Amino acid sequence: MTRLYARLAGFGRTATGFVSQPEPRTIGQFAKGRQLLAGNFLFAGYLVEAKDASIWDVPPPATSFEEALHGFVWLDDLAAVGTPAARASMQDWTAQWIERYGRGAGPGWTPDLTGRRLIRWINHALLILSGKGSDGADAFFRSLARQTHFLGRRWSHTTAGLPRIEALTGLVYAGLSLTGMEKYVTTATHSLGRECERLIDAEGGLAARNPEELLEVFTLLNWAALALTEVGKTPAPAHLAAIERIAPVLRTLRHADGGLARFHGGGRGLEGRLDAALAMSGIRADKPREAAMGYARLSCGRTTVIMDAAAPPLGTGSHGAHASTLGFELTSGRRPLVVNCGSGAAFGEDWRRAGRATPSHSTLGLDGYSSSRLSEAKRMGGRKRELLSDGPTEILTERRATEFAVRQQASHDGYRQTHGLVHVRTLELTHDGRGLAGEELLLALNDTDKAQHARMVDATSLQGLPFSVRFHLHPDVDAVQDMGGAAISIALKSGEIWVFRHDGSSELTLDPSVYLEGGRLKPRAAQQIVLSGVSLSETTRVRWSLAKAQETPLSIRDLRRDDPLEDDLD
């Protein structure tokens with residue numbers, strides 16, 4: 001049916017130009033644009049080198065790679081480069097797509113990809129049409145009109161969530177920008193409001209619990225609202241209400257350095273995207289909340305700690321979810337210190353699967369087990385996806401302020417059925433932000449749990465259940481083990497020194513790790529602090545601490561300020 005509608009869309013009314021000059025709002029990555037110009041095509045975790053080749057002559061190694069090509073997000077990256085060569089590639093590759101696939105053929109004619117492509121074509125139309133004759137412009141507008149007609153009939157078949165918001169935003173853009181497409185504006189506006197009611201919960205979060213995905217939804221809703229108001233139209237009330245609910249959530253999920261917490265497949269967000277979206281929304285800045293979208297936030301001095309304190313998504317919406325329960329990240333000023341490995345989706349399926357496992361997060365895990373488990377791959381939306389089918393069902397949290405610190409305690413039962421154990425984590429951040437104390441407990445709570453734990457210990461010939469508490473470090477920090485192996489000193493590029501210590505009940509090592517970051521050709525090498533031990537009894541306890549031993553060096557200019565440490569010094 002999709003292919004049929006793609007062909008029928010060619011009989012609709014053709015656009016002859018723009019009603020108004022479109023203003024580009026998407027932000028690309030300069031480094032990725034340079035990679036494309038050099039012939040390094042990195043999409044969906046696959047790298048294909050084809051110097052001086054058209055992007056459409058590159059043999060796609062996977063369906064996800066092909067979808068990334070036809071989504072045209074790479075136009076943002078070429079626009080970020082902005083050189084004549086980049087503009088020429090934008091023009092040539094767009095014209096080639098129209099020639100090869102513009103009549104409704106090819107893998108790009110799906111509702112999910114068409115909305116994404118429409119937004120990029122309209123955003124960068126001035127660059128694409130610069131210097132083109134009437135024939136090239138006519139072909140461009142005919143293709144835009146065809147895609148708009150197709151999307152107007154098929155948007156309801158997009159994947160629920162971000163893809164559907166993207167499709168409706170594209171339809172709003174096309175209806176407002178192109179001549180003869182005005183009929184789609186009213187439908188798209190009302191439908192966008194209904195999707196906001198379905199997708200955004202009462203607290204302003206997403207069921208997927210992906211902070212970066214929430215930012216993308218927020219950005220699209222801002223764009224659509226601004227485009228409507230600029231022509232004197234009013235967005236749906238639910239649309240505007242969703243923007244108001246999301247803004248404080250994003251502020252809560254933002255670290256002191258301005259980047260988002262990296263959980264459940266999300267990254268830090270493109271540089272400047274979050275600040276631009278918050279400014280565009282016009283929502284007044286309030287003090288960040290203590291918790292949002294299932295994440296607990298501790299913020300004192302120049303230090304922020306964000307912990308995953310809720311159950312992961314399970315079932316059909318969990319294809320991007322991670323086994324990260326009770327994992328945390330810590331940022332000091334503008335420098336991330338403790339992180340999660342992140343999403344490996346940009347480096348292929350093996351890295352994607354590894355990034356979802358508990359050992360890739362800064363939390364406790366039983367060796368060989370994750371706190372949530374993957375099911376067998378199922379075909380969804382034309383692609384095979386691995387869902388989380390088993391994970392924690394009961395998460396208990398408690399927050400308390402003491403005289404010297406703010407304490408956050410949380411527990412999960414992800415290991416209860418398999419091992420009879422509940423994991424309890426306590427984080428305590430001092431009011432000056434210079435120290436974080438932690439405690440890990442593995443508990444068998446009742447007779448059934450104790451019997452299950454005893455059976456698992458017996459299966460190890462009474463050697464105990466091995467566990468590891470991991471603290472993944474950002475690749476920009478330098479860490480060394482000292483004091484005879486009893487502590488680890490961590491140096492930030494800002495000059496700060498943090499020291500990690502523990503109670504001696506487990507073995508302390510400094511091991512290799514990776515930092516998975518989109519836009520790079522390969523994962524970045526990093527380090528991780530690991531506390532290793534075994535659970536023999538019904539109660540196992542590990543205590544540790546991170547304390548700042550040396551502050552950021554201050555310049556003479558900084559020392560002249562009344563309170564220099566209120567500013568974020570680099």
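The structure presented is a predicted model; accordingly, all values stated were derived computationally and were not measured.
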Aromatic ring proximity, centroids under 6.0 angstrom, Phe263 and His322: no
If you look at every heavy atom in [X] and [Y], which pair is closest and at what distance?
{"X": "Leu387", "Y": "Gly315", "value": "CD1-O, 3.5 Å"}
{"X": "Leu221", "Y": "Ala242", "value": "CD1-CB, 4.2 Å"}
{"X": "Glu195", "Y": "Trp155", "value": "OE2-CZ3, 4.4 Å"}
{"X": "Pro163", "Y": "Asp112", "value": "CB-OD2, 3.6 Å"}
{"X": "Leu78", "Y": "Gly33", "value": "CD2-O, 3.9 Å"}
{"X": "Tyr184", "Y": "Gly152", "value": "CE2-CA, 3.7 Å"}

[X] [atom1] to [Y] [atom2] distance, which is reported to the nearest 0.5 Å:
{"X": "Ile122", "Y": "Arg25", "atom1": "CD1", "atom2": "CZ", "result": "12.0 Å"}
{"X": "Leu36", "Y": "Ile55", "atom1": "CG", "atom2": "CD1", "result": "6.0 Å"}
{"X": "Glu244", "Y": "Ile200", "atom1": "CD", "atom2": "CD1", "result": "13.5 Å"}
{"X": "Leu176", "Y": "Phe18", "atom1": "CG", "atom2": "CZ", "result": "12.0 Å"}
{"X": "Ser191", "Y": "Arg194", "atom1": "OG", "atom2": "CZ", "result": "4.0 Å"}
{"X": "Ser343", "Y": "Glu517", "atom1": "OG", "atom2": "CD", "result": "12.0 Å"}

Worked verdict on Asn222 versus Ser281 for side chain to side chain contact (heavy atoms under 4.5 Å, CB included): CA-CA 6 Å; Asn222 279 334; Ser281 71; 3.6 Å; yes
Do side-chain atoms of [X] reach the backbone of [Y] as a donor and acceptor pair under 3.5 angstrom?
{"X": "His255", "Y": "Asp257", "answer": "no"}
{"X": "Gln91", "Y": "Ser130", "answer": "yes"}
{"X": "Arg262", "Y": "Cys341", "answer": "yes"}
{"X": "Glu66", "Y": "Pro107", "answer": "no"}
{"X": "Arg209", "Y": "Ala321", "answer": "no"}
{"X": "Ser372", "Y": "Ala323", "answer": "no"}
{"X": "Arg245", "Y": "Asp201", "answer": "yes"}
{"X": "Arg373", "Y": "Ser370", "answer": "yes"}
{"X": "Ser324", "Y": "Gly327", "answer": "no"}

Taking C-beta and beyond as the side chain, do [X] and [Y] meet within less than 4.5 Å on heavy atoms?
{"X": "Arg120", "Y": "Trp74", "value": "no"}
{"X": "Thr234", "Y": "Thr229", "value": "no"}
{"X": "Glu166", "Y": "Glu216", "value": "no"}
{"X": "Arg297", "Y": "Gln408", "value": "no"}
{"X": "Ile119", "Y": "Trp223", "value": "yes"}
{"X": "His124", "Y": "Asp76", "value": "yes"}
{"X": "Pro392", "Y": "Ile395", "value": "yes"}
{"X": "Arg116", "Y": "His70", "value": "no"}

Given Asn340, Asp308, Val305, the one that forms side chain to side chain contact (heavy atoms under 4.5 Å, CB included) with Glu329: Asn340
From Thr169, Asn210, Leu199, residue fulfilling side chain to side chain contact (heavy atoms under 4.5 Å, CB included) relative to Val217: Leu199
Parallel, tilted or perpendicular, as decided by the 30° and 60° cut-offs, for the rings of Phe150 and Trp109: perpendicular
Ring geometry between Tyr101 and Trp97 (parallel below 30°, tilted from 30 to 60°, perpendicular above 60°): tilted
Pair Leu250-Leu214, side chain to side chain contact (heavy atoms under 4.5 Å, CB included): steps then yes or no: CA-CA 8 Å; Leu250 289 174; Leu214 182 64; 3.8 Å; yes
Cationic tip of Arg289 above Tyr295 ring, under 6.0 Å, 45° of axis: no
Stepwise side chain to side chain contact (heavy atoms under 4.5 Å, CB included) test for Arg251 and Arg254: CA-CA 5 Å; Arg251 289 191 171 99; Arg254 179 171 58 175; 4.3 Å; yes
Evaluation steps, side chain to side chain contact (heavy atoms under 4.5 Å, CB included), between Gln35 and Leu42: CA-CA 8 Å; Gln35 289 174 11; Leu42 177 63; 4.2 Å; yes
Among Trp93, Phe72, Phe41, the one residue meeting ring pair (Phe, Tyr, Trp, His ring centres under 6.0 Å) with Trp56: Phe72
